[in-house]
Number of protein chains: 2
Amino acid sequence: MQCVNVELKERRYPIYIGEHLLTDSSVYPLKSGDKVMIVTNETIAPLYLETVANTLKRIGCQVDHVLLKDGEKYKTLDSLNQIFTALLQQNHGRDTTLIALGGGVIGDVAGYAAASYQRGIKFIQIPTTLLSQVDSSVGGKTAVNHELGKNMIGAFYQPITVIIDTTTLNTLPKREVNAGLAEVIKYGAILDYPFFEWLERHIDNLVALNQQDLQYCIARCCQIKADVVAHDETEKGERALLNLGHTFGHAIETHLGYGNWLHGEAVAAGSMMAAALSEKLGDLTHTDVARLEKLFARANLPTFSPDGMQPEDYLPHMMRDKKVLAGKLRLVLLKTLGQAYVTTDSDPTLVLEAIRACTQAD
Amino acid sequence: MQCVNVELKERRYPIYIGEHLLTDSSVYPLKSGDKVMIVTNETIAPLYLETVANTLKRIGCQVDHVLLKDGEKYKTLDSLNQIFTALLQQNHGRDTTLIALGGGVIGDVAGYAAASYQRGIKFIQIPTTLLSQVDSSVGGKTAVNHELGKNMIGAFYQPITVIIDTTTLNTLPKREVNAGLAEVIKYGAILDYPFFEWLERHIDNLVALNQQDLQYCIARCCQIKADVVAHDETEKGERALLNLGHTFGHAIETHLGYGNWLHGEAVAAGSMMAAALSEKLGDLTHTDVARLEKLFARANLPTFSPDGMQPEDYLPHMMRDKKVLAGKLRLVLLKTLGQAYVTTDSDPTLVLEAIRACTQAD
Ligand SMILES: NC(=O)c1ccc[n+]([C@@H]2O[C@H](COP(=O)([O-])OP(=O)(O)OC[C@H]3O[C@@H](n4cnc5c(N)ncnc54)[C@H](O)[C@@H]3O)[C@@H](O)[C@H]2O)c1
Ligand SMILES: NC(=O)c1ccc[n+]([C@@H]2O[C@H](COP(=O)([O-])OP(=O)(O)OC[C@H]3O[C@@H](n4cnc5c(N)ncnc54)[C@H](O)[C@@H]3O)[C@@H](O)[C@H]2O)c1
Ligand SMILES: [Zn+2]
Ligand SMILES: [Zn+2]
């Protein structure tokens, strides 16, 4: 088992990473008599709900659960209210603990519910997708969507503990695993060249879900994100680097309609566009770009613009991104592999050329 | 104009109290070009919306507004969502400011919306009821109701400024003014004997809305609450004193159904029950109790249990109050006028006798 500590101004909390942690009662910060409410969904419940509930019962907790529908489209105020109803019906007070068991959707909704129920109750994350293990469970961002915009409603709210059982990835659809690897590769590319090299040596093991390598990899990513968040809780500076590939990716997701490409897939293709632009600016070498492309490809991720999407389709979407400040496109680019920076004065012609470089002729 | 500063761990903010502040552009912490969204309701809009909007336009702000339905029953997630929809439809970003123009209901919903929209935007309170001016606008508690419980969903979120224009009370129904005076009298009784004496000399002026006295009185109450909150942001110790009369009052409100007696009316009668119990315990003198009763009566507030409600009706409701900890009734009682304390071991027989002392024979 590995442990990464997240250091915040007010307090610190641990992220435990290991095999079979769902059944390891020592990692749960709970004691006999505690009330808990597990929030999960219809897909995850048959796989892991009983396992977690039994561990908690062994500790002596009173365990209730609430099942949300599966999917990004249920990341809403209605699902939030469903959680509140369950809490109130089962008489959960201010001293209860909410547990999110699932991917980023469950983590985001449950986290916001924990922030809001009686103005804040204790919260534990048990992320079960690779994306949520390396990204959404770290940093304290919680949210639900509004008809008119994604993640528009939420809170900054930190869990008391994050429990990552890497064996849960065995049941995750391969395409979701690969999408998570896009964010993993991103961490190496923006901030950690040695980790990038490690990934070049171990990416096949990760795709094959080698437990040892997964543990090391997830711990490394959590550490990187925890460091960034600790330096920049308010999201003004360093935290922006985490958005490599995301502005281009956002354009892909919006153009195709959410859910056609997974977020990680759009991030992979988008990162290649950022890399192409960085090459045109004379920062990355052709070899660097090829190494990045190879790594994404070995994780079965797209490195080109989706079929039928034209280079001209990108900019209008990109300009409407939340990350646009005062009408200025804000892009994360690479100085070298392992070192990213933010720029607000990229030449639109070069941006278009970079997208074109990642577009395959029909 | 008076100014009270609320000192918090992270920052301080001012509460301005005076006549005609709605039109005084100097008290608004806004500048030309700022976007603002005013949240108000159908009753208050015809009275004050244009006045506030015009002041903001003079500053050079871009002003939008959203109208909620009037009433406690619209203090819901649906109203919250109505605010989010308005913000998104008018393209309000993270740098916008939300303004609550209204009583405690508007302040609570708008405050929670400000806490949640894009995980937190700037928030200004313009409370227009006496209750919201002396109580709900200070302390940072925001909330909406759930079908199964009042104020169950919310956040601690502080405004950047509170603007109290005492002339807005001229249009407030007298019964609402008096209900606000119940909380005013409560402050004197629990923490400030000199203020209690001041109230004995000035209560008729307050009922008559004398502007000078209102200003002094509101500033005094805001100062008392701000001090309590600063010492006890997390609501464990001193803040509990603010609940004098509230546990009895809660039983009255629940028994009658919310809205039959105003909250302040229930607090007045409830405070008399706490005073009666304090007399039985040998702390308050009969004269003290009579002075408190006289003060409430001069503010046209009830000092007896509602007609038809039996002493036996109280305890079941009281035990279901949020303030009950681990099955223990937690009551605020008076040592003397101006000095309250919290107790968790009150004799149920004495409690019943105290309620009976405040029950009129049919
Ligand atoms: N809070 C943050 O900082 C942050 C960061 C990135 C993304 N996010 C959010 O995360 C969400 C995406 O998260 P996600 O990629 O985890 O998607 P997800 O939560 O929708 O999970 C993907 C799918 O896998 C299923 N699943 C989860 N675990 C499983 C398992 N172990 N076995 C089998 N199936 C399993 C889920 O039911 C779902 O169908 C988005 O809503 C995004 O906005 C949040
Ligand atoms: N956040 C806190 O710390 C806190 C503390 C106490 C109470 N509260 C909440 O406050 C709410 C009660 O607040 P309230 O008593 O102000 O009730 P309210 O907001 O419902 O206002 C009472 C009535 O007066 C009307 N009104 C408001 N200002 C007016 C004016 N100047 N002229 C004419 N009409 C006017 C309103 O439209 C409403 O009909 C409750 O929901 C309660 O839970 C919150
Ligand atoms: Zn991402
Ligand atoms: Zn009150």
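To find a chain, count down the sequence lines: A is the first, B the second, and so on, and within it residues start at 1.
- Atom CD in Glu147(A) sits 9.0 Å away from atom CD in Gln89(B) (nearest 0.5 Å).
- At a heavy-atom cut-off of under 4.5 Å, chain B is reached by Asn81(A), Phe84(A), Thr85(A), Leu88(A) from residues 81-88 of chain A, listed in order of number.
- Separation of atoms CZ (Arg119(A)) and OH (Tyr157(B)) is listed at 15.5 Å; rounding is to 0.5 Å.
- In terms of heavy-atom pairs under 4.5 angstrom with chain B, the leader among Asp95(A), Leu80(A), Leu148(A) is Leu148(A).
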